[in-house]
Amino acid sequence: MLRLAVFVSGRGSNLKAILEHPELKNLIEIVAVFSDKSDCGAFQIARNYGIETRVLGKGEGRISNENLLETLKNYKLNLIVLAGYLKLVPVEVVREFENLIINIHPALLPSFGGKGMYGINVHTAVFNSSAKVSGATVHFVDAEYDKGKIIAQKCVDISDAKSPEEIAERVLRVEHQLLPEVIKAFAENRIFVENNRAIIKS
Ligand code: GRF
């Protein structure tokens, strides 16, 4: 069993997609869900599944950046998944978990990424660009927003999309397929970094 932690900030539909994916049931265990927002929808989903929730930040009962690395080590994790997590992961965590942290981004990186490019901002930028395709990207996390090696991408046709919201809906559908697929590949030891590229072997 792959031991996973999932980091979230919002509603948690990607978390739900991981939890409900039939092919992941016997392959992974989500041991904790971390969030910077104590009242996020994703926490409710985690609780419905009996998964431990941990709040990040300063203050009573929260895990500070300084304590995060130690806390994560104690869970004996095999993979950390950022699924709609809006903060940067502290550099010492990124270093310790090199090639073991992945993020899902709702556009085709390296375009439409970076600081401030989250949620509807991404889809508005894509809409305004007049691009004909968008999609989802799963990539390794390094110390900068949306810059790590790309592991997998899935495209969607947006040539007839009438609004950023419509693009968001179409992209979210492929996110829910792509993220579980990549996690499955991890669990089956099929992801490698070779020649400075991330590759999924079949
Ligand atoms: C998704 O679009 C994800 O790609 C992005 O934030 C959104 C989170 O959605 N990073 P949800 O919380 O998983 O529903």
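Hydrogens, waters and symmetry mates are skipped; everything else that's a heavy atom, side chains included, is used. Both counts, for ligands and for their atoms, begin at 1 and track the order of listing.
Remark: minimum distance from atom 4 (O) of ligand 1 to any protein heavy atom is reached at Glu175 OE1, 2.5 Å. Among all protein heavy atoms, the one lying closest to atom 11 (P) of ligand 1 is Ser13 N, 3.4 Å. Closest to atom 8 (C) of ligand 1 among all protein heavy atoms lies Gly84 CA, 3.6 Å. Of the protein's non-hydrogen atoms, Gly12 N, 2.8 Å is the one closest to atom 12 (O) of ligand 1. Among all protein heavy atoms, the one lying closest to atom 9 (O) of ligand 1 is Arg11 NH2, 3.3 Å. At the shortest separation from atom 10 (N) of ligand 1 among protein heavy atoms lies Ile104 O, 3.1 Å.
By the 6.0 Å and 45° rule, Lys201 stacks over the aromatic ring of Phe192.
Using a 4.5 Å heavy-atom threshold, the side chains of His139 and Ile102 count as separate. Between Asn14 and His176, some side-chain heavy-atom pair lies under the 4.5 Å cut-off.
With sequence neighbours excluded, the residues forming a side-chain contact (heavy atoms from CB on, under 4.5 Å) with Glu188 are Leu27, Lys184, Arg190, listed by chain and number.
Between Phe34 and Phe7, the ring planes lie parallel to each other; the angle is under 30°, not in the 30° to 60° tilted range.
Between Asn14 and ligand 1, a contact under 3.5 Å exists for at least one N or O pair.
Leu108 shares a hydrophobic cluster with Val133; the chain of contacts runs through ILVMFWY side chains whose heavy atoms sit under 4.5 Å apart.
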